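A short worksheet on the structure shown next.
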Amino acid sequence: VIRDLPDLFENLEIVMIDNMMTQRYSSLFNLPNSARYNFLEEDVISADLPSIIEGSDMVLHLAAITDAAGSFDKKELLEKNNYETTVKVAEACSVVDSPLIHLSSTSVYGTQNDVVDENCSEEELKPQSPYAETKLKEEKFLIELSKKKRLRFITCRFGTISGVSPGMRFHTAVNKFCWQAIMGQSLTVWRTALHQKRPYLTIDDAVSTIAFIINKQLFDGSIYNVLTNNHTVKDIINFIKKSVPSLKIEYVDTNIMNQLSYDVSNKRIKDASFTFSGSLEKSIKETLKLLQNSNKDYYS
Ligand SMILES: NC(=O)c1ccc[n+]([C@@H]2O[C@H](COP(=O)([O-])OP(=O)(O)OC[C@H]3O[C@@H](n4cnc5c(N)ncnc54)[C@H](O)[C@@H]3O)[C@@H](O)[C@H]2O)c1
């Protein structure tokens, strides 16, 4: 996002706040000259946000502990961090009247139906992890705050990100599978997941959505699903096999397991005139290519 937005908006000044808890310094390497960047190494919870945010055109709230599968062991820490950062950011945006993009996750869903969208019933919101539970709580907080105070915001429920970026991480499904494939390890597939459909979002589509929201000033207080496509794990395995033919699979148990398979609909954002142009297959190919020389025996 911080690399691509300067191509789309002239004379951009980007202020970034991160406490570096994830050590992802590489995200800041070789930033383009076309924008003015200003990095503040601070915790969002203790930072004086209103004075930092005041006068800005918009705030993109990305700060979170993001390992959903690993969130069972650190439920309290995660909830405190993710919920409180959202509260602080939203309250600051409200005070200085800056529009806010809040990122939630499609992992809030769980339905017996074939398709689920943002208008679903409460029963179809079934967060399977402390991470997803907290996302839902954050969403509700923003809706409540906007009823009491001035707050222009949008909540985007992102699908799992795939694709290459300098700060990419490898604990989510697609990237983790690419890593395991190149390292000659068996893919650890959740026992129930092979034929379950889940939503994925390519990094290019994620950035384009953010630019689209800014251009369109789509701060309408609504929730939007943002995903390139729904795929099964079987699809992902088939995509990976094209570059790693000797791929092996191992089935494992996890805390996040159910029998549900469903498509998450992206109709609402498409109806607002956004066009998705990414491809999960292409993003997998690029991720594997990035790693190709790390273990020559497996990539072909
Ligand atoms: N990547 C995905 O697949 C995905 C999918 C759906 C939603 N999301 C959401 O998108 C947002 C960004 O995700 P990401 O993949 O870029 O995550 P990330 O882990 O790469 O980045 C999150 C950043 O937040 C920082 N951070 C956490 N707590 C902080 C605090 N209290 N103060 C300051 N900095 C703090 C971390 O240091 C890290 O750099 C998150 O809200 C995440 O839940 C991501």
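Each ligand, and each atom within it, is numbered from 1 in the order the structure gives. Because the structure is predicted, anything quoted here is derived from the model rather than measured.
For atom 4 (C) of ligand 1, the closest non-hydrogen atom on the protein side is Ile161 CG1, 4.0 Å. Ranking protein heavy atoms by distance to atom 22 (C) of ligand 1, first place goes to Ala64 O, 3.6 Å. If you check which protein heavy atom lies closest to atom 18 (P) of ligand 1, you get Arg24 NH1, 3.5 Å. For atom 33 (C) of ligand 1, the closest non-hydrogen atom of the protein is Asn19 N, 3.2 Å. The protein atom (non-hydrogen) at minimum distance from atom 11 (C) of ligand 1 is Leu62 O, 3.4 Å. Regarding atom 37 (O) of ligand 1, its nearest protein heavy-atom neighbour is Asp18 OD1, 2.6 Å.
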query: Between Tyr109 and Asn225, is a side chain to side chain contact (heavy atoms under 4.5 Å, CB included) present by the stated rule, with each step listed?
result: CA-CA 11 Å; Tyr109 292 118; Asn225 294 331; 2.8 Å; yes
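For CD of Gln217, the number of neighbouring non-hydrogen atoms (other residues, nucleotides, ligands) closer than 6.0 Å is greater than 12. Counting non-hydrogen atoms of neighbouring residues, nucleotides and ligands closer than 6.0 angstrom, the CG atom of Asn33 reaches no more than 12 such neighbours. No more than 12 heavy atoms of other residues, nucleotides or ligands shown are found within 6.0 angstrom of CZ on Arg36.
By the 4.0 Å heavy-atom criterion, Glu42 is counted among the residues contacting ligand 1. Under a 4.0 angstrom heavy-atom cut-off, Ser107 registers as lying outside contact with ligand 1.
Considering backbone and side-chain N/O atoms, Gly167 never comes within less than 3.5 Å of an N/O atom of ligand 1. Looking at Lys135 next to ligand 1, an N or O pair under 3.5 Å apart turns up. Of the N or O atoms in Thr160, none lie within a sub-3.5 Å distance of an N or O in ligand 1. For a threshold of 3.5 Å applied to N or O pairs, the pair formed by Thr85 and ligand 1 contains no separation below that value. Residue Ser104 places no N or O, backbone or side chain, under 3.5 Å from any N or O of ligand 1.
With a heavy-atom cut-off of 4.0 Å, Thr22 touches ligand 1 through backbone and side chain alike. Here Asn81 has side-chain heavy atoms under 4.0 Å from ligand 1, and that is the only part of it that gets that close. If you look at His61 next to ligand 1, there are no close heavy atoms at all, none under 4.0 Å.
Of the listed options Arg169, His171, His102, Arg169 places a heavy atom closest to atom 44 (C) of ligand 1. By heavy-atom distance, the residue among Thr66, Leu40, Val44 lying nearest atom 17 (O) of ligand 1 is Thr66.
Heavy-atom contacts of Tyr131 reach the following atoms of ligand 1: 7 (C), 8 (N), 9 (C), 42 (C), 43 (O) (cutoff under 4.0 Å). Heavy-atom proximity to Leu103, at under 4.0 Å, picks out these atoms of ligand 1: 10 (O), 11 (C), 41 (O). Residue-ligand proximity, Gly159 to ligand 1, at heavy-atom distances under 4.0 Å covers atoms 5 (C), 6 (C).
A salt bridge links Glu139 and Arg157; the closest N-O separation between the charged side-chain nitrogens and carboxylate oxygens is under 4.0 Å. A salt bridge links Glu286 to Lys282: one of the charged nitrogens lies within less than 4.0 Å of a carboxylate oxygen. Salt-bridge formation is detected for the pair Asp97/Arg150: a Lys NZ or Arg NE/NH1/NH2 atom is positioned less than 4.0 Å from an Asp or Glu carboxylate oxygen.
Side chains of His102 and Thr155: a donor on one and an acceptor on the other come within 3.5 Å. Between Ser51 and Asp48, the side chains place a donor N or O and an acceptor N or O closer than 3.5 Å (distance only, hydrogens not considered). Remark: the Thr86 side chain and the Glu138 side chain contain an N/O donor-acceptor pair separated by less than 3.5 Å.
Taking the side chain as every heavy atom from C-beta outward, Lys285 and Lys242 never approach each other to under 4.5 Å.
With hydrogens and angles disregarded, no donor-acceptor distance shorter than 3.5 Å links the side chain of Asn82 to the backbone of Ala64. A donor-acceptor pair is defined here as one N or O able to donate and one able to accept, closer than 3.5 Å; such a pair exists between the side chain of Lys216 and the backbone of Ala272.
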